[in-house]
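Here is the structure we will look at.
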Amino acid sequence: MSNKSLELIGRQTDDATAQKFERWQLRSIIGTMIGYAIFYVVRKNLSMAIPGMEADPTLGFTKTDLGIFLTLNGVVYGLSKFLNGFVGDRVNARWFMMFGLAMCAICNFVFGMSSVVWLFGVAWVLNGWFQGCGYPPCARILTHWVHPNQLATKMSIWNTSHSIGAFIALVLCGYIVGFGWRWCFFIPAIIALCGVVFVFFTLRDTPSSVNLPEIAVGKEKGGVEKNVNKQHFGEILMKHVFKNPFIWILAISNFFVYTVRFAFLDWGPTMFQQWLGFTPQQSGWIAGGFELCGLGGMVLSGYVCDRLFHGKAARVSVICMLLALLFVGCLWLWKDANLPVAGCIFFLFLIGFFIYGPQALVGIAAANLATRDAAASAVGLTGLFGYASTVLSGWGFGYVADHFGWNYIFICLLVAAIIGVGVLALLWNAKANGYDD
C-alpha cells in the first residue's frame with residue numbers, strides 16, 4: 001500500500017481498498033463542486049437581473065427595494081445554513097442536497113413569473129431557505145472523505161465551486177437578460193433541475209455507505225475507535241461548537257469578510273454599469289472575472305495554509321484580508337482620480353483574488369476545529385454570521401447608493417475590512433484542528 005493511500009485513510013488496509021477510496025474521494029470532491037456551483041447559478045442570477053428590474057416601469061423598484069430582496073434572501077439563507085447544519089450532520093447528505101436544489105429551481109420559476117412585490121419576496125425568501133440545504137451536506141461529505149491534513153488544500157479547490165457557479169450565473173445572465181430579466185430565472189432553474197439528476201447519480205454519503213473504511217483521525221490512529229452514535233449529539237455540539245471560542249470568533253469575522261465579498265458580488269453588475277459605464281454584457285464578464293480571480297485566490301490560500309502554515313487557516317486569512325483592504329482603497333482612489341478604467345478592473349480582480357482566501361478558509365477552519373462529527377453545524381454557525389452581513393451589504397448599501405452615491409459605499413467597505421482584520425487576528429495562535437481534544 002502506498003504512503004499516499006495510507007495517509008488518505010489513516011489505517012491499515014489493502015491496495016485495492018485504498019485505490020477505491022481514492023477514486024471515491026475524487027468523485028465526491030468533483031461531484032459536490034459541480035452540485036454546489038449549480039446552487040450559485042440559482043442564487044446569484046438576481047445580481048444581473050437588478051438593473052433590468054430597476055428599469056422595468058411595471059415594477060417601479062429602487063435600489064433600496066431591490067436591496068431588501070438581497071437582505072431577506074441572505075439573512076434567511078444564513079439562518080437556514082445554521083439550522084440545516086444540525087440536520088446535515090445527521091441525515092443522508094446526497095438526498096438532502098438533491099431536495100434543496102430541486103426546491104431552489106421551483107422558487108426561481110416562481111420568481112421569474114411574478115409581477116407583484118409580495119410574491120417576489122416570498123419566492124426569494126424561500127429560495128434563500130432552500131439554498132441552506134447546499135453547503136451543510138457538502139461539509140459533511142468532504143470531512144468524511146478528506147483527511148484533516150489535506151482538508152485546507154482540497155476544500156479550497158472545492159470552494160472554487162462558489163466562483164464557478166457565480167461566474168456562470170453572471171456571464172450567462174449578462175447575455176440572456178437582453179431577452180428580458182425574467183429569463184435570468186427561467187434558464188438557471190432548468191440548469192438546477194439537471195443538477196438534481198447529476199447529484200443523484202454521482203454522490204454517496206460517507207465511505208461506509210460504499211463499504212469503505214472511515215478515515216482514522218486523532219485517537220483513532222492509535223486504535224481507539226470513536227462512534228458518534230454512541231455519544232449524545234448535543235454534547236458534541238456543545239463541546240466542539242457552542243463552547244468553542246474559536247468558532248465564535250470565526251463566525252464574527254465572517255460577517256465582515258462577507259460584507260466585502262457581497263458588496264462586489266451582489267452590487268457589482270449594477271456598480272459597473274452605473275459607476276464605471278459598462279454595458280450589461282461587459283459588466284457580466286467583469287463580475288465573472290472577479291469570481292475567477294477569487295477562484296485562484298482560494299486555491300492558493302488553501303495550498304499555502306497546508307504547506308507553509310501547517311493548517312493554521314486564521315494566519316493566512318489575516319494576510320489575505322489585509323491585502324483585500326489595501327486594494328479596496330486603491331480602487332476607490334483610482335476611480336476618484338479619474339484614471340484609466342483598466343486600472344479599476346485590475347484592482348477589482350485583486351480584491352476578488354484576496355477576499356476569497358478568508359471566505360474559503362473560515363469554513364475550513366470551522367470544519368477542522370469542530371471535527372467531522374459537527375462540521376456541518378460549525379460551518380452553519382459561521383455561515384449565519386456571514387449572511388447576516390446582507391443587512392449591511394444588501395439593504396444598507398442599496399440605501400447608501402440611492403441617497404449618497406457609490407463613493408460612500410467604499411467608506412463602509414474600508415471600515416468593514418479593518419474590523420475584519422482585527423477580529424481574525426485574535427485567532428493568530430489558534431490550533432489547526434480539534435481532533436486531539
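Residues take their numbers from the sequence shown, with the count starting at 1. What you are looking at is a predicted structure, and each value in this text was computed from that prediction instead of being measured.
The main-chain N or O of Ser208 is found under 3.5 Å from a side-chain atom of Glu214 such that the two form a donor-acceptor pair. Side chain of Lys335 to backbone of Gly343: no donor-acceptor contact under 3.5 angstrom is found. Under the 3.5 Å distance criterion, the side-chain polar atoms of Trp332 are left unmatched by any main-chain donor or acceptor of Ile411. Using modelled atom types, one side-chain atom of Asn45 and one backbone atom of Cys184 make a donor-acceptor pair closer than 3.5 Å. Side chain of Ser80 to backbone of Val76: no donor-acceptor contact under 3.5 angstrom is found. Counting only distance, with no hydrogens or angles, the side chain of Asn127 and the backbone of Cys107 share no donor-acceptor pair below 3.5 Å. Under a 3.5 Å cut-off, the side chain of Ser283 and the backbone N or O of Pro280 do form a donor-acceptor pair.
Between Ser209 and Asp205, the side chains place no donor N or O within less than 3.5 Å of an acceptor N or O (distance only, hydrogens not considered). Lys81 and Gln131 are not linked by any side-chain donor-acceptor pair at a separation below 3.5 angstrom, with hydrogens and angles left out of the test. Inspection of the Ser115 and Arg182 side chains reveals an N or O donor paired with an N or O acceptor under 3.5 Å. For the residue pair Trp183 / Tyr175, no side-chain donor-acceptor distance below 3.5 Å is found, with atom types taken as modelled.
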Where do Leu142 and Lys154 land on the side chain to side chain contact (heavy atoms under 4.5 Å, CB included) test, with the steps shown first? CA-CA 9 Å; Leu142 291 168; Lys154 291 185 175 173; over 6 Å; no
Under the criterion side chain to side chain contact (heavy atoms under 4.5 Å, CB included), I'd like the reasoning laid out for Met103 against Cys133: C-alpha separation, chi angles, the key distance, then a yes or no. CA-CA 10 Å; Met103 296 307 296; Cys133 301; over 6 Å; no
As a quick check of understanding, evaluate side chain to side chain contact (heavy atoms under 4.5 Å, CB included) for Ser161 and Ile34, giving each step before the final call. CA-CA 7 Å; Ser161 57; Ile34 294 174; over 6 Å; no
Go through the steps to decide whether Phe111 and Phe185 satisfy the test ring-ring contact (aromatic ring centres under 6.0 Å, His included), and finish with yes or no. CA-CA 7 Å; Phe111 192 94; Phe185 301 93; 4.5 Å; yes
Run Leu203 and Trp95 through side chain to side chain contact (heavy atoms under 4.5 Å, CB included) and show every step you take. CA-CA 9 Å; Leu203 297 182; Trp95 291 103; over 6 Å; no
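Ring centroids of Phe278 and Phe272 are separated by 6.0 Å or more, keeping the two rings apart. Taking the six-membered ring for Trp, Tyr36 and Trp158 have ring centres closer than 6.0 Å. Remark: aromatic rings of Phe397 and Trp406 are distant, center separation not under 6.0 Å. Remark: aromatic rings of Phe120 and Phe61 are close, center separation under 6.0 Å. In summary, the aromatic rings of Phe353 and Phe349 are positioned with their centroids too far apart to meet the 6.0 Å limit.
When the shell of 6.0 Å around CZ of Phe346 is examined, it contains 12 or fewer heavy atoms from other residues, nucleotides or ligands. With a 6.0 Å radius and a threshold of 12 heavy atoms from other residues, nucleotides or ligands, Phe410 has its CZ atom above the threshold. Heavy-atom neighbours of Tyr408 OH from other residues, nucleotides or ligands within 6.0 Å: at or below the threshold of 12.
For the pair Thr160 and Met33, the minimum side-chain heavy-atom distance is below 4.5 Å. At a threshold of 4.5 Å between non-hydrogen side-chain atoms, the residues Val87 and Pro136 do not count as touching. Two residues are said to be in side-chain contact when any heavy atoms from C-beta on lie closer than 4.5 Å; Arg94 and Pro137 fail this criterion. The shortest side-chain heavy-atom distance between Gln282 and Trp285 does not fall under the 4.5 Å cut-off. Between Leu119 and Trp124, every side-chain heavy-atom pair lies at or beyond the 4.5 Å cut-off. Phe186 is not listed as a side-chain neighbour of Phe179, based on a closest heavy-atom distance of 4.5 Å or more. Using a 4.5 Å cut-off on side-chain heavy atoms (C-beta onward), Leu170 and Phe290 make no contact. Taking the side chain as every heavy atom from C-beta outward, Met97 and Phe39 approach each other to under 4.5 Å.
Note that CZ of Phe82 and CG of Leu384 are 6.0 Å apart. Values are rounded to the nearest 0.5 Å. Once rounded to the nearest 0.5 Å, the distance linking CG of Asn73 with CZ of Arg43 reads 7.5 Å. Leu212 contributes atom CG, which lies 9.5 Å from atom OG1 of Thr206 (distance to the nearest 0.5 angstrom). Distance check: Ser317 OG to Leu424 CG gives 5.5 Å after rounding to the nearest 0.5 Å. Rounding to the nearest 0.5 angstrom, the gap separating the CD1 atom in Ile419 from the CD1 atom in Ile252 is 11.5 Å. We find the OG1-CE distance between Thr270 and Met48 to be 8.0 Å, quoted to the nearest 0.5 Å.
Tyr387 pairs by the ring pair (Phe, Tyr, Trp, His ring centres under 6.0 Å) definition with Tyr77, Tyr258, Phe262, not counting sequence neighbours. Residues satisfying the ring pair (Phe, Tyr, Trp, His ring centres under 6.0 Å) criterion with Tyr303, sequence neighbours excluded, are absent altogether.
For Pro188 against Val42, the heavy-atom pair with the smallest separation is O-CG1, 3.3 Å. Residues Ala192 and Ala105 approach most closely at CB-CB, 3.8 Å, considering heavy atoms. The heavy-atom pair separating Thr32 from Cys138 by the smallest distance is CB-SG, 3.9 Å. Listed here is the closest heavy atom pair of Leu413 and Val260: CD2-CA, 3.9 Å. What you find for Thr64 and His403 is that their closest heavy atoms are OG1-CE1, 4.3 Å. Between Leu250 and Ala366, the shortest heavy-atom distance links the atoms CD1-N, 3.7 Å.
The aromatic rings of Phe21 and Trp145 lie tilted to each other, with the angle between the two planes from 30° to 60°. Using cut-offs of 30° and 60° for the angle between ring planes, the Phe242 and Trp248 rings count as tilted.
Arg261 forms no cation-pi arrangement with Tyr356, by the criterion of a distance under 6.0 Å to the ring centre and an angle within 45° of the ring axis.
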